[in-house]
Amino acid sequence: MMTVKEIREAPKLAPLYAKALLPHSGGGGLPDTEYVRAGIEFDPAHVAAYNQVCGFRLGDELPVTYPHMLAFPLQMALMTQPDFPFPLLGMVHVANRITRRRPVRLTDTGTMRVRAENLRPHEKGRQFDVISEYTTADGPIWTEVSTYLRRGGGEGGGKREQLAAPAPKAIWRVPGDIGRRYAEVSGDRNPIHLHPLTAKLFGFPSAIAHGMWTKARVLAAFEGRLPDAYTVDVKFKLPVLLPAKVAFTSWQTGDGWAFELWAAQKPKPHLEGTITPPDATPNPR
């Protein structure tokens, strides 16, 4: 039986990050808890700031990745609870799938629901999904499945074959401060994204770009070419070390698009994904 926790205002992220630093015993399965926030309205100024950071044009329709801004505080609240099986620090966001049934508009008012499910083994540990659903009077119009990996206890996947980078359609320069700029609009101030010094504390040679910024930046390249309803599914590969020069490529498939983002100077993949009709069979995780 799912326990529903209704939240009137978006949880403050700073206390949640502080909570994530505390010792966490964890263990057991995923909690049967759903966080619900109703009566959500959009702030045009915040949407405009998000669009600018991610490369979208201004308009009455929200970028397909923007509702993640509403879901993220609820996701953080869920994953920092004492009964959550894993500590927040050390979890890796490995995949993200968003389905849009119709465009989300600035004038919409709706409800966001967040829960975790599908805990399962992975070759490098265990993984699970965080499901976020935005509903209006039209029903569910936006759904996100964020897949997280908790490393440890897996059997290992062996050495992967080295691939050759495809011919790019565009080269983008990613500035060194994009982590701080995206953190300002998203509230996601994970130290691995903010500064080389804080990133080094967690084993990275420099700050890395947010995965959801990377996904948003790729989708901004498709503006004006996508239908009202679709699913965009990505797998996050190697992190984008800031500053960076990245190579973007895309191609049409039978029912949509496929795309990849690579390091521009080395054959290292950052992201791969597809854009398909909303009811297409999802890619296996």
Side-chain angles (χ1 to χ4, degrees), residues 11-35 65 68-98 112 114-132 144-157 179 182-183 186-195 198-216 233-242 270-273 283-285:
K12 303 295 183 183
L13 288 172
L16 293 176
Y17 272 113
K19 188 177 179 181
L21 296 174
L22 298 175
H24 183 88
S25 57
L30 296 171
D32 293 327
T33 306
E34 183 176 62
Y35 282 72
T65 48
H68 178 80
M69 300 296 96
L70 307 178
F72 183 68
L74 300 180
Q75 294 173 356
M76 284 282 293
L78 174 67
M79 292 190 288
T80 53
Q81 289 302 302
D83 61 346
F84 205 79
F86 312 114
L88 183 65
L89 293 181
M91 284 195 293
V92 183
H93 192 186
V94 294
N96 180 274
R97 183 171 69 247
I98 294 174
M112 184 67 76
V114 170
R115 66 187 184 277
E117 61 183 42
N118 197 16
L119 180 61
R120 58 201 185 275
H122 184 274
E123 62 185 21
K124 296 181 179 179
R126 289 190 289 173
Q127 64 181 357
F128 62 92
D129 299 326
V130 176
I131 314 298
S132 305
E144 177 187 70
V145 181
S146 290
T147 302
Y148 288 90
L149 168 66
R150 178 63 181 177
R151 296 183 186 273
E155 298 179 356
Y182 185 78
S186 69
D188 185 355
R189 291 183 170 84
N190 188 319
I192 63 176
H193 303 300
L194 303 181
H195 194 275
T198 55
K200 286 178 181 178
L201 295 175
F202 295 89
F204 295 97
S206 69
I208 66 174
H210 294 74
M212 289 304 295
W213 175 85
T214 308
K215 179 173 183 175
D233 195 355
V234 304
K235 294 180 180 178
F236 301 114
K237 301 295 186 178
L238 298 174
V240 177
L241 300 175
L242 302 174
H270 295 307
L271 175 151
E272 66 180 21
N283 293 330
R285 295 294 189 230

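The first residue of the sequence shown is numbered 1, and numbering continues consecutively from there. Because the structure is a prediction, the values reported are computed rather than measured.
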What is the ring orientation for H193 with H210, classed by angle as parallel under 30°, tilted 30 to 60°, or perpendicular over 60°?
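Aromatic pair H193/H210 classed parallel.
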
Mind checking whether F72 and H68 have parallel, tilted or perpendicular rings, split at 30° and 60°?
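Plane angle between 30° and 60°, so tilted.
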
Provide the closest heavy-atom pair for [X] versus [Y] in the form atom of the first, atom of the second, distance.
X: A77; Y: Y35; value: O-OH, 3.7 Å
X: L119; Y: G28; value: CD2-O, 4.4 Å
X: G179; Y: L242; value: N-CD1, 3.9 Å
X: P31; Y: L78; value: CG-CD1, 4.2 Å
X: R150; Y: P87; value: NH2-CG, 3.5 Å
X: A199; Y: I192; value: CB-O, 3.7 Å

Side chains of [X] and [Y]: does their closest heavy-atom pair fall under 4.5 Å?
X: P85; Y: L30; answer: yes
X: L149; Y: F128; answer: no
X: M212; Y: E144; answer: yes
X: K215; Y: I98; answer: yes
X: K237; Y: E272; answer: yes
X: V94; Y: K235; answer: no
X: P11; Y: M76; answer: no

Check: Q81/T33 side-chain N/O donor and acceptor closer than 3.5 Å:
no

[atom1]/[X] to [atom2]/[Y] distance, rounded to the nearest 0.5 angstrom?
X: S146; Y: D129; atom1: OG; atom2: CG; answer: 8.5 Å
X: L70; Y: M112; atom1: CG; atom2: CE; answer: 4.5 Å
X: T147; Y: R97; atom1: OG1; atom2: CZ; answer: 7.0 Å
X: K19; Y: L13; atom1: NZ; atom2: CG; answer: 12.5 Å
X: L88; Y: Q75; atom1: CG; atom2: CD; answer: 10.5 Å
X: Q127; Y: M91; atom1: CD; atom2: CE; answer: 13.0 Å

Going through the checks in order, is the side-chain contact (heavy atoms from CB on, under 4.5 Å) test met by V114 and I131?
CA-CA 6 Å; V114 170; I131 314 298; over 6 Å; no

Are D32 and R115 close enough for a salt bridge, meaning some N to O gap below 4.0 Å?
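Looking at R115 together with D32, the answer is no, because their closest N to O distance does not fall below 4.0 Å.
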
What residues form a side-chain hydrogen bond (donor to acceptor under 3.5 Å, both in side chains) with T214, not counting sequence neighbours?
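Not a single residue meets the side-chain hydrogen bond (donor to acceptor under 3.5 Å, both in side chains) criterion with T214.
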
Should Y148 and N96 be marked as a side chain to side chain donor-acceptor pair (under 3.5 Å) after you check the CA-CA gap, both sets of side-chain angles, and the distance that decides it?
CA-CA 9 Å; Y148 288 90; N96 180 274; over 6 Å; no

Counting N and O atoms only, with roles assigned by atom type, does the side chain of H24 sit under 3.5 Å from a partner on the main chain of D83, one being a donor and the other an acceptor?
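Checked: no pair found.
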
Output, in order, the C-alpha distance, side-chain angles, deciding distance and verdict of ring-ring contact (aromatic ring centres under 6.0 Å, His included) for F236 and H93.
CA-CA 7 Å; F236 301 114; H93 192 186; 5.0 Å; yes

